[in-house]
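See below for the structure under consideration.
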Amino acid sequence: MLPRARLSASSHSVGSGRARRGAWALAALAALTALGCKRPGVAGQADGGAPDDAAAPPPAVQGQNAVPEPPPPPDKPLLGITAFVATVYDEPRDTAKKLGYLRVGAKVARSEEPVGKAGCPGGWYEIHPKGFVCAGEEATTDLENPILKASAKRPDLKAALPYRYAFVRAVLPLYIKVPTAKQQYDSEFKLQEHLDWYKQNEATVNQVVLGAPDVPIDDRGVPIPGKHLGEMGLGKNSQEIALGQLLGGETDSDPIPFWLEGGKRLIPNISDFKVPDFAVFADRARRHTGLSLIGSFPTGEDNLNRRFAITTDLRLAPHTKIKPDLGSPWHGLELTDEFSLPLAFVRTQGAKTYRISKGKAIPDTDVEWRSAHALAGTMKTVEGVKYYRTKDKRWLSQLDVGLAVPPASFPEDAEKGKKWIEISITNQTFVMWEGKRPIYATLVSTGKAGLDDPKKTSATVRGVFKIRNKHITATMDSNEGSSVGGAKITTVAASHSPDGGGKPAAPKAGDKNAKPGKPDPKAAAKGGKPAAKPAAVKPGAAKAKPAPAAGGAEKIPTKGDGEYGVTRRRGEGTFQLRDVPYIQYFESGYALHAAYWHDVFGTPRSHGCVNLSPVDAHRVFLWTDPPVPEGWHAVNAGEDFGEGTTVIIHE
């Protein structure tokens, strides 16, 4: 644990809340604009607003992104990835050390000729910036391969969310071809009842509030000063685009992709759930599952006029059973010489400032949830409760705030001028450091068991760690288990375990070379309709209804009973959260990652990981070492790509 220094600094309070959805209200912070910093703007201008004719700020001088390898020569031939995941090895053999992996559709520079064919009939190709990939089932030199064209849309690393996302509001089949009306009725129990519900409620059930993609950010992932939530320049925000675009499409009327024309599927099923070629769908997604999307398209009467969203593994989700989700727009703030530690984040909704008089703390004015306030360096204890003095001469109760303060002594990496991250479980605060200079602070959600034993509970581990591996995205269950981090996935899917087939084999604890598991597929019933397993019932819960028969007969309760995600909180239960963004494992089963399914940052909530808002997770991911090479989806830290950034977690 880092010893804490006495509070001794001055700055200004900042505001943050759902009314402005993360827009900082600052006074007298004009210097931040000169540093290219976060939301604050001209002194005295509410919500960081800046006049339209304000001069553009100079480039930022701190918090630069991790520096990737130089790009390859432009004339190098390319290797395309045709499997959902292709491993990169440090030597041309599949028993060699794993450097990382690539995702379907990626194209990376390669050697002119294979360096060998041992265990790989298609040949081992050296790729940029280093490592070897086997051509054959997972990769090809034929850039006209239809899988490459079908999966050409790449994750957007300039955005707070790399894909578009949606939550499942009613159990759905993941189709592998565009289904006819009859095939849909055969595959979805009481479909007409569902379609009637959707028609009646269509005007409201797809409405969205501005979220993470609507926060204007710079190349470092830091929100742009003077820009409010939803001000996207020449672009449109999420409330200004059509449903088809919210579900991943380029427009609201994209054509049916070439690989799905004529009701057929012209490319292989690349998902982990294997079915016969004549199957209509491959697995189901249960309610509350989070889906990542790369496209969508409408259909006609022969297909019930439903739109279908395309998942990252090239399956189809009917739009009436999913709801677009944008994640929280909450984010932290950049720190400068003018506005820095110590500070306090308000963690309690309905909190107030206090006046202290005659040994009593008297409630005064309301204070905004998750606003940040600079501390003046004075503390008083009144009736056993600590109160902290702010620069604007108010008092905040320790019961309402989380503190971010400088340490009394610095760790070795700080003394060497290196990057490091500090996380306080008690305060739920997260600070990025460059040497002895704090550059960014925010609120997080650590394990909901607080300071309990991480070996026995959902508490977050404490200690000094290094980032082991970084993943642009990976699938987790709602207990934050993921095969890429050495933790067992425990998802209870609609019909079986996650990722379509059997339960994925989790890497051994501490395996830094982990890659997404490829479970052995279970035998599917005819037509791709596996028999469903009954879901576990929580103690005290109502007795579960019998599981539907093979073929997808999931019951759709009547309107208003919560079936469509109205009454249950996102992230509740056990189900898949596809393509969780910006994952950085620092210990087996423990990671920093974005949480697109909740907005309670500042409150312990996770199952051990450190949840960040999408904007914050993106900002941290771009900054930490090692950087993910261009075109790769994940990289392992170590001698090949450099050591990971230090993460210090304390009380």
Side-chain angles (χ1 to χ4, degrees), residues 66-155 157 162 259 266-272 294 312-314 468-474 483-484 507 511-518 625-642:
V67 180
E69 298 281 345
D75 58 346
K76 293 281 286 185
L78 301 177
L79 185 72
I81 305 305
T82 54
F84 190 62
V85 168
T87 303
V88 182
Y89 299 93
D90 75 333
E91 296 179 13
R93 52 185 176 85
D94 61 10
T95 56
K97 181 173 64 175
K98 299 171 185 176
L99 301 180
Y101 60 87
L102 302 96
R103 273 274 194 101
V104 63
K107 298 175 184 178
V108 291
R110 62 168 173 87
S111 56
E112 294 280 353
E113 300 293 335
V115 299
K117 294 190 176 183
C120 176
W124 290 97
Y125 285 88
E126 187 172 10
I127 67 166
H128 182 81
K130 60 183 64 177
F132 301 86
V133 172
C134 175
E137 293 184 359
E138 296 184 348
T140 181
T141 58
D142 177 12
L143 300 185
E144 297 301 313
N145 185 292
I147 294 180
L148 295 181
K149 294 183 176 181
S151 55
K153 192 168 186 177
R154 315 306 308 138
L157 296 188
W259 50 279
L266 305 179
I267 62 173
N269 168 26
I270 63 169
S271 77
D272 280 330
I294 59 172
T312 51
D313 60 3
L314 305 182
R468 296 179 171 192
N469 47 61
K470 296 173 63 173
H471 310 255
I472 294 174
T473 63
S483 62
V484 299
D511 180 8
K512 66 186 290 184
N513 293 327
K515 62 170 275 186
K518 288 191 173 181
D625 290 313
V628 176
E630 180 74 23
W632 292 36
H633 204 78
V635 68
N636 287 316
E639 59 183 355
D640 295 285
F641 288 100

Side-chain donor/acceptor pairs under 3.5 Å, residues 122-131, sequence neighbours excluded:
unit_1: Trp124; atom_1: NE1; unit_2: Pro92; atom_2: O; d: 3.3
unit_1: Trp124; atom_1: NE1; unit_2: Ala118; atom_2: O; d: 2.9
unit_1: His128; atom_1: NE2; unit_2: Pro70; atom_2: O; d: 2.8
unit_1: Lys130; atom_1: NZ; unit_2: Asp640; atom_2: O; d: 2.7

Original post:
How far does NZ of Lys107 sit from CD1 of Ile81, to the nearest 0.5 angstrom?
Top reply: 11.5 Å

Original post:
Where do Pro77 and Glu112 come nearest, in terms of heavy atoms and distance?
Top reply: CD-OE2, 3.7 Å

Original post:
What distance separates Ile472 CD1 from Arg154 CZ, expressed to the nearest 0.5 Å?
Top reply: 8.5 Å

**OP:** Kindly indicate, with the supporting measurements, whether the criterion side chain to side chain contact (heavy atoms under 4.5 Å, CB included) is fulfilled by His633 and Val628.
**Re:** CA-CA 7 Å; His633 204 78; Val628 176; over 6 Å; no

Subject >> Euclidean distance, Leu102 CG relative to Thr82 OG1, rounded to 0.5 Å >> reply: 11.5 Å

**OP:** Identify the heavy atoms of Ile147 and Pro268 that sit nearest to each other, and give their distance.
**Re:** CD1-CD, 3.7 Å

Original post:
Which heavy atom of Gly105 sits nearest a heavy atom of Leu148, and at what distance?
Top reply: CA-CD2, 4.2 Å

Subject >> Pairwise distance CG(Asn636) to NE2(His471) - rounded to 0.5 angstrom >> reply: 7.0 Å

**OP:** Dump the intermediate steps for side chain to side chain contact (heavy atoms under 4.5 Å, CB included) on Ile294 and Leu314, then the final yes or no.
**Re:** CA-CA 9 Å; Ile294 59 172; Leu314 305 182; 3.9 Å; yes

Original post:
Taking all non-hydrogen atoms of both residues, which atom of Tyr101 and which atom of Ala474 are closest, and how far apart?
Top reply: OH-CB, 4.4 Å

Subject >> More than 12 heavy atoms from other groups under 6.0 Å of CD on Glu91 >> reply: yes

Original post:
Please, which pairs that meet disulfide bond (SG atoms under 2.5 Å apart) have at least one residue in residues 108-140, sequence neighbours excluded?
Top reply: Cys120-Cys134

Subject >> Least distance between heavy atoms, Ala109 atom then Lys76 atom >> reply: CB-CB, 3.9 Å

**OP:** Would you confirm whether Arg103, through its side chain, and Val85, through its main-chain N or O, come within 3.5 Å as a donor-acceptor pair?
**Re:** no

**OP:** Output all residues satisfying ring-ring contact (aromatic ring centres under 6.0 Å, His included) with Phe641, sequence neighbours left out; order by chain, then residue number.
**Re:** Trp632

**OP:** Without swapping roles, check the side chain of Arg93 against the backbone of Asp90 for a donor-acceptor pair under 3.5 Å.
**Re:** no

Subject >> Test side chain to side chain contact (heavy atoms under 4.5 Å, CB included) applied to Thr141 and Leu79, step by step >> reply: CA-CA 5 Å; Thr141 58; Leu79 185 72; 4.0 Å; yes

Subject >> Donor-acceptor pair, side chain of Asp313 and main chain of Asp272, under 3.5 angstrom >> reply: no

**OP:** Write down the atom of Ser151, the atom of Val104, and the distance for their closest heavy-atom approach.
**Re:** OG-CG2, 3.5 Å

